[in-house]
Amino acid sequence: MSRKPYVRQMSKTSWFLTHSRYKHYILHEVTCIFIAIYAVILIFGLFRLGQGPEAWQGWLDGLRSPLGVIFQILAFGFAMIHTWSWFKVVPQAMRIQRGESFVPGNLIIGAHYGVLAIISLFVLILAGVA
Amino acid sequence: MSTRTITIEVLRYRPEQDQEPFFQSYTVPCDEDWVVLDALNYIKDELDRTLSYRWSCHMFVCGSCGIVVDGEPKLGCKAFVKDYGDKIRVEPLGNFPIERDLVVVIDDFIEKLESVNPYLIPKEEKSIDDGEYLQTPAQLKAFKQYSMCINCLLCYSACPQYGLDPSFVGPAALALAHRYNMDSRDVGRKAREDVVASHEGIWECSFVGACSQVCPKDVDPAGAIQQTKITSAIDYVTSFLPGGNR
Amino acid sequence: MDVINTDIAIVGAGGAGLRAAIEIAEADPKLNVVLISKVYPMRSHTCAAEGGAAGVIKANDSLDYHFNDTVGGGDWLTDQDAVELFVNEIPRELTRMEHWGCPWSREDAGTVAVRPFGGMKVMRTWFAADKTGFHMLHTLFQTTLKYPSIKRLDEHYATDLIVDGGRVQGAVCLEMSTGKLKLVKAKAVIIASGGAGRIFPFTTNGAIKTGDGMAMAYRAGAALKDMEFVQYHPTGLPGSGILLTEGCRGEGGYLLNKDGYRYLQDYDLGPATPEPVLKSMELGPRDRLSQAFWHEQKKGRTAASKWGDVVYLDMRHLGEKLINERLPLVRDLACSYVGTDPVTDLVPVRPVVHYMMGGIHTDIDAATTIDGLYAAGECACVSINGANRLGSNSLGELLVFGARAGRHAVEHIRTTKPAADKLVEKQASDAEQRIKLLFERKGKERVSVLRNELTHSLEDGCGIYRSGDLIQATCDKVSEVRDRYKDVMLEDKSSVFNTDLFQVLELGAMIECAQTVAVSALERKESRGAHQRLDHVERDDVNYLKHTMAFYNPNGDPRIDYLDVVITKSQPAARVYGAAAGGQHI
Amino acid sequence: MARSSKAIPWLLFAGGGTVTAFILPVMILITGLFALFGVFSGALSYETMQAFVGNWLIKIILFGILFLTLWHAAHRLRVVAHDFGIRADTGVAIVVYGLAAVGTVATVIALLSV
Ligand SMILES: Cc1cc2nc3c(=O)[nH]c(=O)nc-3n(C[C@H](O)[C@H](O)[C@H](O)COP(=O)(O)OP(=O)(O)OC[C@H]3O[C@@H](n4cnc5c(N)ncnc54)[C@H](O)[C@@H]3O)c2cc1C
Ligand code: SF4
Ligand code: F3S
Ligand code: FES
């Protein structure tokens with residue numbers, strides 16, 4: 001018997017560079033790295049807050065340092081990518097059926113951006129007013 | 001009818017002769033309304049009888065003719081040459097072993113399809129004499145999209161998780177399980193859960209979404225899988241609660 | 001050679017084959033079934049059926065209506081005992097499909113919806129949008145997965161039946177991935193291998209519809225019945241031959257000639273009302289509509305397009321919502337293949353070869369004249385379709401007669417003793433030898449050339465209208481091709497997925513089928529249903545109210561014989577369509 | 001095949017993904033704007049923050065956000081590791097979820113210390 005199926009191996013470490021849709025995917029996957037670091041910074045900030053005004057000030061200074069600033073710009077970018085890519089797929093993961101038809105995906109996505117705006121505004125006001 | 005001369009580069013692999021696949025070019029005069037499959041048929045009839053590929057319906061419904069055209073998984077009968085340049089690259093579907101030329105081995109998929117109990121499991125058998133189960137148009141629509149899969153396997157070709165780990169049950173089979181789970185006449189979700197909610201099932205999917213992007217029938221397997229994750233995860237957690245059955 | 005022992009072998013895993021397999025598995029789970037198919041089951045051409053399946057369920061309908069429509073639609077060449085049984089059993093079969101999960105389109109109350117179809121007096125066609133066959137096929141295939149007794153040989157090409165001592169003993173098939181020959185020994189064999197539309201150049205039929213099973217049975221001694229009746233579907237897309245379902249007209253689409261005129265009213269199908277009326281105008285039977293196209297073409301009233309002459313299908317007035325809901329595939333196909341959107345544009349169409357009314361002769365139990373051999377589906381001729389099949393009757397036929405074939409095959413092996421089988425191995429090795437020979441021989445005829453000549457000759461001589469001299473020319477051509485086929489060249493010598501080999505074998509089957517079509521057509525000197533002769537324009541019930549039976553002759557034209565039509569309660573009469581037919585308004 | 005326990009981290013991942021999608025941009029905006037331009041410096045003063053975080057409701061909300069964010073990130077990191085070709089999934093899972101657990105405990109301690 002002369003069957004001899006040929007298996008093409010996919011590169012385990014660089015497959016995501018082979019197509020633009022995989023690049024997009026990996027881009028939103030790596031947002032978690034920045035999100036994780038930012039969360040750690042926040043937790044650290046809470047510690048410093050408990051340790052008194054100087055410690056807190058030190059933390060604030062850290063935010064202000066060039067490294068801190070650069071990191072936050074990056075983190076903001078990736079957070080936005082995360083938000084955008086997350087909202088984009090909500091209609092796939094959660095279909096809402098009204099009668100026979102489904103609520104159009106764009107409406108669901110739009111609603112999410114609406115809520116995002118409200119939450120952001122609320123937090124900004126809280127921060128500004130408090 | 002106007003024709004355009006196109007170079008079709010086909011990935012050839014003849015197991016009895018070749019150690020590995022190679023590209024072979026054919027010059028094909030294509031009519032403007034041809035699909036890539038027509039060009040392959042031209043090659044087979046006029047240029048090279050030894051080229052092997054699958055096809056049947058020529059109307060994107062039998063699912064035989066999945067190939068990769070210029071890097072993108074496509075149905076050969078739905079890839080119009082007018083949408084491509086003067087050189088078109090045709091390869092077998094990715095992530096499957098190549099049997100020969102454009103023919104890939106799909107036994108693995110067939111086993112997976114069989115493994116998800118893809119048939120109606122009704123609450124109680126109704127006698128034929130009592131007529132049909134009632135199902136409103138809205139209930140029909142709830143699962144209809146997931147019943148449109150033609151098993152063309154473009155989604156498996158596009159899904160990197162399947163490429164990285166072939167034990168993954170994969171998009172089409174999971175979408176089919178979802179199709180029955182969502183059917184108002186069916187109560188078989190538990191029976192399917194063992195495969196569907198296993199490590200190799202929905203949890204192997206990282207929502208790359210490529211499957212839905214290449215699907216020629218708008219089945220949206222990615223959506224089906226995410227929806228299944230939500231219900232399965234809730235099931236899993238509630239099974240630990242008092243009264244939950246594991 | 002590998003030998004597989006089983007109780008029942010089924011050749012073909014389309015609608016008919018799958019239905020038969022389930023019937024056997026349910027009748028007796030201890031029986032082993034081997035399901036042989038040259039493609040994976042879900043690739044079978046049943047998947048291409050769009051419009052629907054007719055069966056009486058609504059209160060305004062009656063079995064008699066369905067009976068009368070079918071018998072008249074078939075121009076009284078149908079066997080009325082078979083039709084009666086068919087119309088009685090089909091509603092249960094369709095309901096059973098529903099119980100297996102088939103996603104039939106629904107009415108608001110949750111009951112199954114029906115749509116109008118050509119030649120039917122009342123709306124009775126069950127449908128699943130415009131992918132009825134697709135959903136039926138997948139439902140059946142997926143349902144077979146419940147039964148462990150069904151063993152599949154996917155991508156196995158059946159080449160020969162083994163018949164010994166007048167009894168079928170099994171089949172020989174080639175495993176496509178290895179080129180290995182396997183002998184499947186069985187006590188009964190069911191052929192469900194589908195039609196042979198590929199013997200024509202312009203057809204709605206998929207590549208696999210090459211009449212293999214018909215030819216296998218024919219070579220083994222079974223008769224091919226009524227092969228001259230070839231259905232042209234009036235609305236195929238020009239160029240590709242892709243079908244636009246009759247559902248387009250059922251939902252209210254118009255057929256227009258190049259002047260925008262609903263020309264069918266000139267052919268005893270009128271009056272032209274804006275709303276569809278059953279059995280009238282666009283909802284007339286397919287033979288009449290295709291013939292009307294031919295006449296329009298002769299009168300110069302068809303439009304010229306880059307794909308040849310066309311008429312137009314006008315669905316613009318149906319609106320986007322209805323088209324998306326009920327005819328989404330049609331829209332997709334029309335946009336993709338001819339670049340016209342039915343919502344806003346006229347879609348060019350022309351008649352295209354669609355269905356073989358003829359096939360392996362069987363009785364109402366799906367039994368052929370060979371002991372233990374059954375046939376069902378498009379490859380068989382029971383006959384419920386007579387001289388012209390009504391759209392949406394064949395999906396039902398698959399179920400009713402697929403199930404019957406299964407049931408009676410089970411009965412057969414229960415009641416008959418095993419026969420001597422001394423020649424089985426020999427026949428199998430003969431089959432092997434023939435294939436070996438193909439590999440060794442240095443032929444000089446190219447498959448594609450022979451196929452081209454064959455199919456075009458059939459179109460020339462056995463088209464919508466035929467005449468003695470043209471058919472004779474086709475008969476001659478087919479004989480010539482048959483001779484040259486003996487010298488056909490196998491260019492690919494590989495044993496792995498050798499599609500050259502399968503095309504050579506398929507061409508062999510096509511030639512046999514084509515020859516029965518041409519010779520049967522030549523001998524039938526009358527016009528009836530889809531068989532219209534310019535030199536014999538009248539129906540001739542005195543001489544030709546009979547089935548043509550073609551028998552294999554290895555050295556020349558088939559031997560033609562005739563068999564009386566079974567008439568029970570409907571005496572032959574004039575076929576009436578249009579206002580006089582009393583079709584229901586929609 | 002057995003049902004996978006991945007359901008639980010996945011729920012946290014999904015919940016966390018949603019929460020972070022809504023809240024993180026504005027939070028980074030606030031800390032970032034402060035860092036860059038000193039906007040909100042009043043709001044971020046030691047006293048205000050002490051009072052703010054001192055509130056039990058706020059503590060709970062902050063815990064919720066941080067907890068979900070950590071687990072969201074941890075689970076996705078596990079996937080990223082897999083995508084980058086690191087096949088020791090169990091090991092990776094232990095590390096990332098371990099870190100998330102440590103982070104969770106740290107969050108509790110930090111919040112209680114204010
Ligand atoms: C485009 C289109 C639309 C249609 N629409 C309708 C409709 O709306 N309503 C209706 O009632 N009818 C319709 N028909 C007709 C109907 O679909 C067919 O008659 C029917 O599906 C045939 O089914 P089958 O089971 O007999 O064969 P198929 O479904 O064609 O299956 C044949 C099987 O035989 C196997 N086979 C063939 N040769 C071999 C071999 N040598 N070895 C092994 N296996 C073999 C194949 O692999 C396949 O599994 C339509 C037909 C077409 C082409
Ligand atoms: S889900 Fe879509 S891409 Fe995947 S097999 Fe089905 S039809 Fe093809
Ligand atoms: S591409 Fe693969 S990873 Fe999931 S969303 Fe689709 S199955
Ligand atoms: S040939 Fe059937 S899907 Fe392309």
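Just so it is clear: chains get the letters A, B, ... in the order the sequence lines come, proteins before strands, and each one is counted from 1.
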Heavy-atom nearest pair, D:Leu66 first then A:Leu46, reads CD1-CD1, 3.8 Å
When the 4.5 angstrom heavy-atom criterion is applied to D:Ser45 and chain A, the contacting part is backbone
Of the listed A:Gly52, A:Ala36, A:Ala93, A:Ser85, the one with the largest count of heavy-atom pairs under 4.5 Å with chain D is A:Gly52
Among D:Asp83, D:Leu36, D:Val114, the residue with the most heavy-atom pairs under 4.5 Å to chain A is D:Asp83
Among D:Leu111, D:Leu112, D:Thr31, the residue with the most heavy-atom pairs under 4.5 Å to chain A is D:Thr31
Looking only at heavy atoms, the pair that brings A:Gln9 and A:Lys12 closest together is OE1-NZ, 4.3 Å
Heavy-atom nearest pair, D:Ala35 first then A:Gln72, reads CB-NE2, 3.6 Å
Geometric cation-pi criterion A:Lys88 and A:Trp84, 6.0 Å radius, 45° cone:
yes
Geometric cation-pi criterion D:Lys59 and D:Trp56, 6.0 Å radius, 45° cone | yes
| Check: A:Gln97 side chain, A:Glu100 main-chain N or O, donor-acceptor pair, under 3.5 Å | yes
Turns out that what part of A:Val69 lies under 4.5 Å from chain D's heavy atoms comes down to side chain
Can you check whether D:Val39 reaches D:Phe34 side chain to side chain, under 4.5 Å on heavy atoms? no
If one checks every heavy atom of A:Ser11 against chain D at 4.5 Å, the contacting part turns out to be neither
Please work out which of the three classes, parallel, tilted or perpendicular, describes the rings of D:Phe84 and A:Phe16, given edges at 30° and 60°. tilted
All heavy atoms of D:Val80 vs all of A:Cys32, minimum pair found to be CG2-SG, 4.2 Å
Ranked by heavy-atom pairs below 4.5 Å to chain A, first place among D:Ala14, D:Ala73, D:Ala21, D:Gly85 goes to D:Ala21
Open item on the list: Could you check whether any side-chain heavy atom of D:Met27 comes within less than 4.5 Å of a side-chain heavy atom of A:Leu42, counting everything from C-beta outward?
Closed with: yes
One option among A:Phe44, A:Tyr25, A:Phe71 has the most heavy-atom pairs under 4.5 Å with chain D, and it is A:Tyr25
Assert top hit (heavy-atom pairs under 4.5 Å, partner chain D, pool A:Gly62, A:Ala39, A:Pro53, A:Ser14) equals A:Pro53
Most contact-rich option vs chain A, by heavy-atom pairs under 4.5 angstrom, among D:His82, D:His72, D:His75, is D:His72
Turns out that what part of A:Leu121 lies under 4.5 Å from chain D's heavy atoms comes down to neither
When the 4.5 angstrom heavy-atom criterion is applied to A:Tyr38 and chain D, the contacting part is side chain
Most heavy-atom pairs under 4.5 Å with chain A, out of D:Leu44, D:Ile23, D:Ile65, belong to D:Leu44
Next on the checklist: Would you say the rings of D:Trp71 and D:Tyr97 are close, in the sense that their centroids are separated by under 6.0 Å?
Outcome noted: yes
Closest non-hydrogen contact found for D:Val92 with D:Ala81 is CG1-CB, 3.8 Å
Bottom line for A:Ile35: the part with an atom under 4.5 Å from chain D's heavy atoms is both
Residue from D:Ser113, D:Gly32, D:Gly16, D:Pro25 scoring the most non-hydrogen pairs under 4.5 Å with chain A is D:Pro25
Against chain D, residues from residues 102-115 of chain A with at least one heavy atom under 4.5 Å, in numeric order, are A:His112, A:Val115
Output for pair (A:His82 NE2, A:Phe87 CZ), nearest 0.5 Å, gives 8.0 Å
The interface call for D:Ile30 against chain A, heavy-atom contacts under 4.5 Å, is side chain
Cut-off 4.5 Å, heavy atoms of chain A, and the answer for D:Phe13 is both
Value for CZ (A:Phe78) from CG (A:Leu27), rounded to nearest 0.5 Å, stands at 5.5 Å
